[in-house]
Amino acid sequence: MPTTTLSQADAGVGVKNGINAFGKKNFIGSFAPPFAVINDSDFLDSLPPQEKRAGLIEAIKVALIRDPSFFDDIEHAADDLSRFDPETLEKVVCRCAELHIQHIAESGDPFEFGSSRPLDFGHWSAHKLEQMSRFTISHGSAVACGLALDTLYSGKKQMLSGKAVTRVLALIQRLGFAVYNPLMSRIDADGNWLLLDGLREFREHLGGELTISLLAEVGRGVEVHEVDHSLIRKCIEELAQRYSLKISSA
Ligand SMILES: NC(=O)c1ccc[n+]([C@@H]2O[C@H](COP(=O)([O-])OP(=O)(O)OC[C@H]3O[C@@H](n4cnc5c(N)ncnc54)[C@H](O)[C@@H]3O)[C@@H](O)[C@H]2O)c1
Ligand SMILES: [Zn+2]
């Protein structure tokens, strides 16, 4: 019985059970389809704002890779969602859960033997950010930064239009998420950007070829197997310079 927006919308309705260990995200885990999941929206009433908000980022994520009309719906409902109107929240959580279940049931790889992870759009950097913060940054907040980064990168790779990039970043921010965290720019003594190590860790976690989802359109994800590190650094700098200011003045 999941009791948070994030678990009702995503984590609790899936088959994966992960435990963070040895400083790593989801280092230990199992795959086990639940017999049943009961999503009772009354649980959401007592959540603090940050936890109410957290599940919404997974809704934006799955809408971005799978369902353009769901993205439109979230956009239209943004004002109600930003004040956590219970009915609107429930509808979005429900559709988000439905899309996650649909993927698990119909993708042909529920136990993830392959390297494809469309539902992990934006997550390679999110998981690294959580680790770098020693898990003080919540999953929802980290995914907001991760989605912003991979959306901006999709734009810079000329896969996604500039208009769509602006639309996605605006929605993430309208729902009250920050799209940048200073940890994203942390550089070690040798000049390496620590966040980028998340790509190697993500590949190792997949146990095969690096496979990252990017966006071709709002509502359509595409998979790539290579990432241009210098372009990612430019995107991080742009998030820091252009977009974090909006948050502090909001
Ligand atoms: N297994 C998967 O497929 C999957 C998918 C997405 C995310 N995740 C993981 O799930 C974790 C996030 O879980 P979460 O967002 O459910 O957070 P959580 O379980 O950490 O709970 C967040 C906070 O809310 C409190 N809380 C929970 N229910 C409450 C309620 N009804 N009223 C008041 N307070 C309540 C908790 O005590 C806690 O302080 C992350 O680690 C994320 O990586 C897993
Ligand atoms: Zn997630």
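In each ligand, atom 1 is the first atom listed, and ligand 1 is the first ligand listed. Worth knowing before you read on, the calculation uses all heavy atoms, side chains too, and leaves out hydrogens, waters and symmetry mates.
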- Message: If you apply the rule side chain to side chain donor-acceptor pair (under 3.5 Å), what do you find for D188 with W193, and how did you get there?
- Response: CA-CA 7 Å; D188 71 11; W193 287 54; over 6 Å; no

Examine the side chains of [X] and [Y] and answer whether a donor and an acceptor come within less than 3.5 Å of each other.
| X | Y | answer |
| --- | --- | --- |
| E223 | S116 | yes |
| T4 | S7 | yes |
| N39 | S41 | no |
| S82 | D80 | no |

- Are any of the side-chain nitrogens in R117 or E112 under 4.0 Å away from the carboxylate oxygens of its partner? yes

- Are K234 and E237 within salt-bridge range, i.e. N to O under 4.0 Å?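 E237 and K234: not salt-bridged.
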
Ligand 1: which protein N/O atoms lie under 3.5 Å from its N/O atoms?
residue, atom, partner, partner atom, Å
ligand 1, 1 (N), K16, O, 2.7
ligand 1, 16 (O), T4, OG1, 2.5
ligand 1, 28 (N), T3, O, 3.3
ligand 1, 28 (N), T3, OG1, 2.8
ligand 1, 31 (N), T3, O, 3.1
ligand 1, 31 (N), F43, O, 2.9
ligand 1, 32 (N), S46, OG, 2.8
ligand 1, 41 (O), K25, NZ, 2.9
ligand 1, 43 (O), K25, NZ, 2.8
ligand 1, 43 (O), H139, ND1, 3.2

- Message: Per the side chain to side chain donor-acceptor pair (under 3.5 Å) rule, what does the pair list look like for residues 19-38, sequence neighbours excluded?
- Response: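 Checked against side chain to side chain donor-acceptor pair (under 3.5 Å) - neighbours excluded - the pairs reaching residues 19-38 are N17-S30, K24-E201, K25-E130.
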
- Sort by chain and number the protein N/O/S atoms found under 2.8 Å from the Zn ion (ligand 2).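 Protein N/O/S atoms under 2.8 Å of the Zn ion (ligand 2): E58 OE2, H123 NE2, H139 NE2.
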
Please list, one pair per line, the donor and acceptor atoms closer than 3.5 Å that link side chains of residues 51-60 to other protein atoms, with sequence neighbours excluded.
residue, atom, partner, partner atom, Å
R53, NE, L175, O, 2.9
E58, OE1, K61, NZ, 2.8
E58, OE2, H139, NE2, 3.0

